[in-house]
Amino acid sequence: MKLRYYPDWGVALRYWPEIAHGLVLTFRISLLAFLLALALGLPLGLCRLSKHRGAQRIAMAFIEVLRGTPEMVQLLWLYYVLPMVLGIPLTDITTGVLMLGISLTAYMAEVYRSGISSVTRGQIEAAKALGMSQIQTLSRIVIPQAMRVMIPPMLNNYVLVLKRVSLLMAIGVPELMYSSQRISSVTYRPLEVLSFAALLYVLVTYPATLLVRRLEARVSTPT
Amino acid sequence: MAVPVVKITDLHKSFGNLHVLKGVSLEVSKGEVVAMIGPSGSGKSTLLRCINHLEAPTSGQIYIEGNLFPHRESEINRVRAEIGMVFQMFNLWPHMTVLNNIIEAPVRVKKMPREKAVEIAQNLMKKIGLSEKINEYPARLSGGQQQRVAIARALAMQPKVMLFDEVTSALDPELVGEVLEVMKLLAEEGMTMIVVTHEMQFAREVADRIVFLAEGLIAESGPPEVIFSAPSHPKTKQFLARVLGSAGREPKA
């Protein structure tokens, strides 16, 4: 049976300003969330590696909860609970950034943990034997080497966040998906508009995915 | 009488239920070369690692130049800077050149100006016979070369005592000699050294004193001539018979 639908591919371009705004907001949110996770992931990862049993257990519990719950649940939970707990209203965007950032922190902690573990214990002992402090050892010996191992998965995580921003449409954040959905319902053109949105996502994530693949190949070749 | 560089009093070290060191006491004087020999598991490496607190003793005291080893991290690091250690697996930092490996600690820990550290590094590289490799990355060096660089890295801190933890055990036999040569040179220059080793020939030739460790205790200690030719303790005799006999190496008269 033939579909009696005549696509109007120009519709997406006519609404380009709104779509562009959505895209820019998606970028801004993803970047903020990523930076938040980048910063919080290191102390969490270090706790996870810590010899201190208490710190390690708390870190593990935190990570398990974050990885074990759907982001949508986390988002709605924060959306309703945070203003109650803090007593002040938060914008949708702030709530969204917090959810994405905290959620990603759990994954970043694992990236930091595996990166730091990849540096052999002997090298750290050599640094200690020479009188280097914990901070010196971490910053001069461990992190520079761990970075090589950590950058591909971190980039992967960024791509994941970029896609997850679309969840925020559930709380009314005017990012790319929200805008696309809105436009497709007023124009009755879901095929064209949503396809266009999907295309934009691919255009934005594909270069990053390619870069990850190339970096991963470089990491696995012997020095 | 001069204060010993290293003094260990009744040292005990347990790992959980495993009692490795059962009350070791030892004094090492300035310029003395002490070779520690004994069967695997006797606690030789553990003892060495307690001296610079890479392992924390369970009980007992360690004195470096008469001062009790401190507990605070900042002070521990300060004392560690006076003790040089060379490891079995070299442990050079692969992301840095040989030069940077050597100058890292003097610059960061001793706050030495970079130019001075570089000069020291160059002199050390000349001493160990590897001047041309100073800008290479460790992965490009052979095991023997890496170990010599590791020795230079430890020496760059101008330590009061050097600890050697089976530094030739991971090397191919033909590369062992070049490392032992450097150690011999250091000994001749008067460095205080504590060497855990299986190289009996080296121990006999270079050490001032042999310490035989078995099952967490010093069973016997004395000058090489005595220990190798006329050991008194049954365990020492057993160990030497096994090690020297099986290797077909008779200690030179």
Side-chain angles (χ1 to χ4, degrees), chain A residues 38 42-43 45-47 49-57 111-155 214-223, chain B residues 45 48-49 51-56 72-96 100-112 137-140 146-147 149-159 161-165 170:
Chain A
L38 196 65
L42 180 57
L46 288 174
C47 280
L49 283 170
S50 161
K51 290 197 188 135
H52 191 275
R53 278 277 212 82
Q56 205 197 41
R57 289 230 181 95
V111 174
Y112 277 115
R113 191 194 58 79
S114 71
I116 290 173
S117 305
S118 76
V119 179
T120 64
R121 195 167 145 242
Q123 290 181 44
I124 297 172
E125 288 197 334
K128 279 165 114 176
L130 287 161
M132 286 169 73
S133 70
Q134 301 251 41
I135 296 178
Q136 285 170 333
T137 307
L138 200 63
S139 63
R140 297 289 300 170
I141 309 300
V142 178
I143 300 280
Q145 292 185 79
M147 283 313 288
R148 278 187 90 223
V149 171
M150 296 194 296
I151 286 181
M154 279 187 175
L155 214 53
R214 197 182 297 166
L215 288 177
E216 274 176 345
R218 240 212 274 161
V219 166
S220 51
T221 55
T223 331
Chain B
S45 282
L48 209 69
R49 288 162 63 87
I51 295 175
N52 67 354
H53 220 265
L54 280 185
E55 304 289 354
R72 300 236 311 277
E73 203 214 312
S74 53
E75 290 166 31
I76 290 179
N77 290 333
R78 210 178 18 90
V79 177
R80 279 188 181 147
E82 304 294 315
I83 302 171
M85 186 163 200
V86 188
F87 300 82
Q88 186 173 341
M89 298 311 293
F90 337 134
N91 291 336
L92 294 179
W93 303 312
H95 63 300
M96 293 181 175
N100 287 329
N101 259 276
I102 298 176
I103 66 173
E104 179 70 16
V107 169
R108 303 271 151 190
V109 178
K110 289 202 155 155
K111 314 283 188 226
M112 195 185 281
Y137 282 92
R140 305 272 300 238
Q146 287 190 53
Q147 195 62 298
V149 169
I151 295 175
R153 180 175 65 173
L155 289 173
M157 292 293 278
Q158 297 165 319
V161 55
M162 285 283 281
L163 308 176
F164 295 84
D165 192 356

_According to side-chain hydrogen bond (donor to acceptor under 3.5 Å, both in side chains), who are the partners of B:Glu55, at least two apart in sequence or on a separate chain?_
B:Arg49
_Atom pair NE2/CE of B:His95 and A:Met147 - distance to nearest 0.5 Å_ = 12.5 Å
*asked:* Report which part of A:Gln136 has an atom under 4.5 Å of a heavy atom belonging to chain B: side chain, backbone, both, or neither.
replied: side chain
*Between CG of B:Asn77 and CG of A:Leu130, what distance do you get to the nearest 0.5 Å?*
10.5 Å
*Look only at the side chain of B:Asn91 and the backbone of A:Gly122, and say whether a donor-acceptor pair between them is shorter than 3.5 Å.*
yes
*Which bit of B:Ile83 comes within less than 4.5 Å of chain A, counting heavy atoms only: side chain, backbone, both or neither?*
backbone
*Which atoms of B:Leu163 come close to chain A, meaning under 4.5 Å heavy atom to heavy atom: side chain ones, backbone ones, both, or neither?*
neither
_Portion of B:Met89 that has a non-hydrogen atom of chain A nearer than 4.5 angstrom_ = neither
*Can you tell me how far CD1 of A:Ile135 sits from CD of B:Glu73, rounded to the nearest 0.5 angstrom?*
8.5 Å
*So which part of B:Glu82 gets closer than 4.5 Å to some heavy atom of chain A, the side chain, the backbone, both or neither?*
neither
_Those residues that, when tested against A:Ala127, pass side chain to side chain contact (heavy atoms under 4.5 Å, CB included) (two or more places apart)_ = A:Met132, A:Thr137, A:Ile141, B:Trp93
*Is there a side-chain contact between A:Pro144 and B:Met96 (heavy atoms, below 4.5 Å)?*
no
